[in-house]
Amino acid sequence: MKLHSRRKVIVTIVALIIAIVALIAYAARPETVNPIENIISTVQKPMSDFFTSVGHFFSSIPTYFVGVDETIKENEMLKNKITELEKKLLEYESLATENAHLHELLGIYETNPEFQYVMARVIGQDTVNPFYTLTINKGSNDGIEYLDPVVTENGLLGYVSQVGPTTARISTVLNAANSIGTVITRTGEYALLQGDFRLSEQGLCKLTMLPDGCDIIVGDYIETSGISDIYPRGLSVGKVTEVVSDSNGTSVYAAVAPIVDFEKVREIFVITGDTVAVS
């Protein structure tokens, strides 16, 4: 009985030794992974990948912000360049406008070289009748006086009705209080141009005191006659748009469209000094 028990113990020990040797030999193989290590590796790999990705993300942040900062600086530089170009464009447009006005003034001067001119800008209009009275940004400090005639590059605008040190008011040819001695360019016949309340609503003036048998027709041009203490002779005033006759066929009056487009008037020229001698 004891012998049997001893044999059983010896067999068990030998079996354990064999198993241990086998495990050691199996574990020593290079390509073999311990089951426990395999489990640990399986759990560890996703975590390792995650932390690696997080590391890469945070390491790229400084580079990202450096790039954003450079982009902001570039945008600021571009904005500054655009602003500078816009300023130069405005300066160019201003010079181009001034040059155009100087050419206009040259044309007026060549027509009437004996006159002196002050160039001014329209800065206001009559609130009730916008084209009856205009305000300009020049006055007595610039040599402008009451009753000075006012023109544009196209022709007569009106006269100075009020003057202050730095501004003046212009009474236009549409003003009902304005009367101008004129002559029909084609025929040489004299007539009186006046502002008219009814016609002024259409932007027209009224040509009256036409001589008997006057040969006036639609399309005739009207200019100043010089028979006045205000306006010199030869300034273009307007164009006849309608001739109204009575039952006998006698011309009663004519409607005249001013040569100046009042809606587009921005710069004007005041004729200063003595103009009577030219009449």
Side-chain angles (χ1 to χ4, degrees), residues 101 104-105 107-112 115 117 120 122 125-126 129-136 147-161 169-245 250-271 275 278-279:
H101 291 316
E104 293 164 2
L105 179 57
I108 296 173
Y109 178 78
E110 288 175 346
T111 303
N112 302 102
F115 297 155
Y117 301 92
V122 175
Q125 296 175 317
D126 189 325
N129 299 297
F131 304 128
Y132 271 27
T133 307
L134 305 176
T135 302
I136 60 173
L147 296 183
D148 280 345
V150 182
V151 298
T152 71
E153 69 276 13
N154 295 318
L156 182 65
L157 177 68
Y159 71 95
V160 176
S161 56
R169 300 191 73 185
I170 310 302
S171 178
T172 73
V173 296
L174 286 177
N175 197 317
N178 210 340
S179 295
I180 306 169
T182 60
V183 60
I184 302 169
T185 304
R186 181 178 61 85
T187 66
E189 296 171 299
Y190 290 92
L192 184 68
L193 187 78
Q194 297 176 306
D196 181 85
F197 287 111
R198 182 180 61 84
L199 290 176
S200 66
E201 293 178 353
Q202 306 170 49
L204 302 173
C205 300
K206 189 174 186 178
L207 191 66
T208 62
M209 298 184 66
L210 299 172
D212 292 339
C214 181
D215 185 27
I216 189 171
I217 59 174
V218 172
D220 275 342
Y221 283 94
I222 310 299
E223 61 185 53
T224 54
S225 63
I227 306 176
S228 139
D229 290 337
I230 301 177
Y231 305 107
R233 182 181 178 86
L235 299 176
S236 182
V237 178
K239 183 179 180 181
V240 175
T241 60
E242 182 185 10
V243 178
V244 179
S245 303
T250 302
S251 298
V252 178
Y253 72 87
V256 176
I259 201 72
V260 175
D261 187 346
F262 293 98
E263 292 185 358
K264 296 181 179 179
V265 172
R266 297 293 179 271
E267 281 79 23
I268 58 86
F269 303 97
V270 180
I271 300 176
T275 61
V278 187
S279 300

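The chain is numbered in sequence order, starting from 1.
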Original post:
Roughly how far, to the nearest 0.5 Å, is CZ of Phe269 from CD1 of Ile136?
Top reply: 11.5 Å

Original post:
Any idea which heavy atoms bring Val173 and Cys205 closest together, and the distance?
Top reply: O-SG, 3.4 Å

**OP:** Taking Thr224 for its side chain and Gly234 for its backbone only, find out whether a donor-acceptor pair lies under 3.5 Å.
**Re:** yes

Subject >> Taking every non-hydrogen atom, the tightest pair across Leu174 and Ser200 >> reply: O-CB, 4.0 Å

Original post:
Does some side-chain heavy atom of Gln125 sit less than 4.5 Å from a side-chain heavy atom of Phe131?
Top reply: yes

Original post:
Is there a side-chain contact between Ile184 and Ile222, using heavy atoms and a 4.5 Å cut-off?
Top reply: yes

Subject >> Least distance between heavy atoms, Ile216 atom then Glu189 atom >> reply: N-OE1, 4.4 Å

**OP:** Please report the C-alpha distance between Val150 and Val160 in whole Å, then the side-chain angles of each, then the deciding distance to 0.1 Å, and finally whether the side chain to side chain contact (heavy atoms under 4.5 Å, CB included) criterion is met.
**Re:** CA-CA 7 Å; Val150 182; Val160 176; 3.9 Å; yes

Original post:
Is a side-chain donor or acceptor of Gln194 paired with a backbone partner of Thr208 at a separation under 3.5 angstrom?
Top reply: no

**OP:** Please name the pair of heavy atoms, one in Ala254 and one in Leu210, separated by the smallest distance, quoted to 0.1 Å.
**Re:** N-CD1, 4.3 Å

Original post:
Under 4.5 Å between any side-chain heavy atoms of Val151 and Leu157, yes or no?
Top reply: no

Subject >> Straight-line distance of Ile170 CD1 to Ser161 OG, nearest 0.5 Å >> reply: 6.5 Å

Subject >> Check: Asn175 and Thr133 side chains under 4.5 Å, non-hydrogen atoms >> reply: yes

**OP:** Check Ile180, Leu235, Val183 against Glu223 for a side-chain contact (heavy atoms from CB on, under 4.5 Å) and give me the one that passes.
**Re:** Val183

Original post:
Taking C-beta and beyond as the side chain, do Tyr117 and Ile271 meet within less than 4.5 Å on heavy atoms?
Top reply: yes

**OP:** State whether the side chain of Asn178 and the backbone N or O of Thr172 hold a donor-acceptor pair below 3.5 Å, judged by distance alone.
**Re:** yes

Subject >> Qualifying residue for side-chain contact (heavy atoms from CB on, under 4.5 Å) with Thr182, from Ile227, Leu207, Leu192 >> reply: Leu207

Original post:
From Leu199 CG over to Glu242 CD, what is the distance, rounded to the nearest 0.5 angstrom?
Top reply: 8.0 Å

Original post:
If you count the non-hydrogen atoms of other residues, nucleotides and ligands that lie under 6.0 Å from CD in Gln202, is the total more than 12?
Top reply: yes

Subject >> Side-chain touch Ile217/Val243, heavy atoms, less than 4.5 angstrom >> reply: no

Original post:
Does Asp126 offer a backbone N or O that forms a donor-acceptor pair with the side chain of Arg169 under 3.5 Å?
Top reply: no

Original post:
Considering all heavy atoms of both residues, which atom of Tyr231 and which atom of Pro149 are nearest to each other, and what is their separation?
Top reply: CD2-CB, 4.0 Å

**OP:** Would you check if there is a donor-acceptor pair between the side chains of Tyr221 and Ser236 at a distance under 3.5 Å?
**Re:** no

Original post:
So Tyr132 and Phe197, would you call those rings parallel, tilted or perpendicular, with 30° and 60° as cut-offs?
Top reply: tilted

